[in-house]
Amino acid sequence: MNLSIQLAPKHHQGLLLANPVMTAAGTFGYGTEYNHIFDIQKLGAIVCKGTTLEPRDGNPQPRLAETACGLLNSIGLQNIGVKALIRDKAPIWAIWRVLVIVNIAGETIDDYAKVADELDGVAGISAVEVNISCPNIKAGGAEFGANPDSAARVVAAVKAATSLPVLVKLTPNTSDIAKVAVAVAEAGADAISLINTVKGMAIDIARRRPLLGDITGGLSGPAIKPVALYMVYEVAGAVGVPVVGCGGITTASDAIEFIMAGASAIQVGTASFNNPRAPLDILEGIEEFMQKEGIENLTDLIGAARR
Ligand SMILES: Cc1cc2nc3c(=O)[nH]c(=O)nc-3n(C[C@H](O)[C@H](O)[C@H](O)COP(=O)(O)O)c2cc1C
């Protein structure tokens with residue numbers, strides 16, 4: 001069986017994954033944290049925690065709240081900053097078989113471009129994923145991704161700053177996600193990933209106060225799967241670049257739904273908190289499904305529900 005997938009067909013280097021299973025940014029650390037739990041080298045790609053120009057402490061606690069079928073988070077992009085990432089993490093990744101994609105964020109367009117520029121040519125980094133969809137920071141993040149024009153401006157600046165393949169991660173918190181997708185594809189995105197979390201909140205009735213320290217957060221997990229699947233279906237029908245599906249994927253059959261909706265690859269996020277082996281279980285489940293159905297090439301499944 002052939003599970004490999006080219007995620008950046010228009011890029012001179014390309015981004016060839018051995019299989020379609022990736023981890024979602026912010027839910028799998030730098031990969032190193034999961035190394036002892038299962039053979040992470042078997043995955044298609046690891047997307048590391050959102051990285052900014054300077055280190056960030058993130059938002060005030062509490063930053064996590066469980067909901068029915070989901071998780072609210074308001075981490076606020078706590079991270080070590082791009083310089084420490086290049087110094088301490090990239091050399092580890094450089095000897096890995098699995099590809100590592102660095103998720104990047106910023107408060108200004110210039111921030112994004114500077115982070116992308118720093119990462120250009122660093123051994124161990126195969127691509128960047130531009131997070132224009134974080135709902136948990138005061139400036140930048142989802143503000144850029146909510147609007148086609150500002151989204152395109154970020155992507156154009158990142159493309160000009162790096163020779164790496166560029167994935168762009170979209171927010172569901174916008175009126176027409178397909179319009180944003182078309183704008184970022186025209187601005188040069190090599191692939192589009194979606195969705196980031198859905199903005200939400202919870203209230204602690206004993207304290208009569210919002211439960212999260214930052215008041216609002218982003219909802220993830222099985223609760224958002226139907227929303228994410230619908231948006232992947234919409235976007236895959238609107239753009240000519242590969243789409244990476246994300247949002248509530250917990251089992252292999254969830255992943256196959258996204259692939260049939262038009263996703264070329266998928267990301268596993270919150271599921272890893274319940275079951276740290278979830279990405280590998282999902283990969284093995286996809287292989288089993290293909291075997292059972294007599295499918296030789298993963299590409300035969302992509303968009304199967306659209307035909
Ligand atoms: C604790 C936490 C931290 C996250 N951090 C990031 C991040 O740094 N960058 C990003 O693009 N997405 C981040 N996300 C969003 C996930 O990558 C993913 O898009 C979202 O959670 C939906 O997928 P899921 O339902 O499988 O978790 C984070 C999600 C969670 C739960």
Side-chain angles (χ1 to χ4, degrees), residues 21-31 33 45-52 55-56 58-59 61-67 69-82 85 101-106 112 115 127-137 140-142 144-145 151 154 158 166-173 177 191-200 212-214 217-229 231-232 243-251 254-255 257-258 263 265-276 278-279 281-282:
V21 179
M22 308 165 68
T23 62
T27 63
F28 211 73
Y30 296 94
E33 297 87 338
I46 285 165
V47 183
C48 80
K49 176 65 194 165
T51 299
T52 50
R56 286 173 64 100
N59 288 329
Q61 300 281 358
R63 309 196 294 195
L64 290 175
E66 273 195 55
T67 70
C69 294
L71 176 70
L72 271 173
N73 92 81
S74 63
I75 305 294
L77 291 180
Q78 178 181 9
N79 78 97
I80 59 177
V82 69
L85 177 130
I101 297 170
V102 177
N103 181 280
I104 65 171
Y112 281 94
V115 180
V128 294
E129 181 182 62
V130 186
N131 175 5
I132 47 169
S133 43
C134 180
N136 298 324
I137 53 177
F144 288 121
V154 176
V158 169
V166 173
L167 287 76
V168 180
K169 186 163 174 185
L170 303 186
T171 174
N173 302 308
I177 197 166
I192 294 175
S193 45
L194 70 151
I195 59 175
N196 208 313
T197 53
V198 179
K199 199 155 185 171
L212 294 170
D214 198 42
L219 181 64
S220 62
I224 69 169
K225 196 195 98 181
V227 177
L229 188 63
M231 290 185 163
V232 164
V243 170
V244 179
C246 177
I249 297 173
T250 308
T251 63
D254 293 338
E257 282 189 68
F258 277 80
I266 57 94
Q267 296 181 348
V268 183
T270 302
S272 291
F273 295 151
N274 262 336
N275 168 21
D281 289 348
I282 288 169

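Computed from a prediction, not measured in an experiment: that's the story for all the values here. Note that ligands are numbered from 1 as they come in the structure, with each ligand's atoms numbered from 1 the same way.
Every N/O-N/O distance between Phe273 and ligand 1 stays at or above 3.5 Å. At a 3.5 angstrom cut-off on N or O pairs, Lys49 counts as close to ligand 1. Residue Gly269 has at least one N or O atom closer than 3.5 Å to an N or O atom of ligand 1. Considering both main-chain and side-chain atoms, Ala25 comes within under 3.5 Å of ligand 1 through a nitrogen or oxygen pair.
Counting heavy atoms closer than 4.0 Å to ligand 1, residue Asn131 contributes side-chain atoms (C-beta onward) but none from N, CA, C or O. With a heavy-atom cut-off of 4.0 Å, Ile195 touches ligand 1 through its backbone alone. Both the backbone and the side chain of Thr270 come within contact range of ligand 1, each with a heavy atom under 4.0 Å.
Atom CD of Glu66 sits in a sparse spot, with 12 or fewer heavy atoms from other residues, nucleotides or ligands closer than 6.0 Å.
Between the side chain of Asn59 and the backbone N or O of Ser74, at least one donor-acceptor pair lies under 3.5 Å. A donor-acceptor pair under 3.5 Å links the side-chain atoms of Glu33 to the main chain of Gly31, judged by distance alone. With hydrogens and angles disregarded, no donor-acceptor distance shorter than 3.5 Å links the side chain of Asn274 to the backbone of Ala271.
Atom 21 (O) of ligand 1 has its closest protein heavy atom at Ser220 CB, 3.2 Å. If you check which protein heavy atom lies closest to atom 12 (N) of ligand 1, you get Lys169 NZ, 3.0 Å. Atom 30 (C) of ligand 1 has Asn73 ND2, 3.3 Å as its closest protein atom, hydrogens excluded (heavy atom only). Here the heavy atom of the protein found nearest to atom 24 (P) of ligand 1 is Gly248 N, 3.5 Å. Atom 23 (O) of ligand 1 has as its closest protein heavy atom Cys246 SG, 3.3 Å. In terms of protein heavy-atom proximity, atom 15 (C) of ligand 1 is nearest to Asn196 OD1, 3.3 Å. Nearest non-hydrogen protein atom to atom 3 (C) of ligand 1 is Gly26 O, 3.4 Å.
Close approach of ligand 1 to Thr197 (heavy-atom distance below 4.0 Å) involves ligand atoms 20 (C), 21 (O).
Between Ser193 and Gln267, the side chains place no donor N or O within less than 3.5 Å of an acceptor N or O (distance only, hydrogens not considered). Residues Asn196 and Ser133 have side chains that bring a donor and an acceptor to within less than 3.5 angstrom of each other. Between the side chains of Asn73 and Ser220, no donor-acceptor pair of N or O atoms lies under 3.5 Å.
Residues Phe28 and Val47 form no side-chain contact, since every pair of their non-hydrogen atoms from C-beta on lies 4.5 Å or further apart.
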Trace of the side-chain contact (heavy atoms from CB on, under 4.5 Å) decision for Val198 with Asn173
CA-CA 6 Å; Val198 179; Asn173 302 308; 4.1 Å; yes
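Contact between Ala271 and ligand 1 is absent, with no heavy atom of the residue lying under 4.0 Å from the ligand. Using a 4.0 angstrom heavy-atom cutoff, Cys134 does not count as in contact with ligand 1.
Residues Ala151 and Gly145 come closest through the heavy atom pair CB-CA, 4.3 Å.
Separation of atoms CD1 (Ile195) and OG1 (Thr171) is listed at 8.0 Å; rounding is to 0.5 Å.
Across Thr23, Asn103, Leu77, heavy-atom proximity to atom 9 (N) of ligand 1 is greatest for Asn103.
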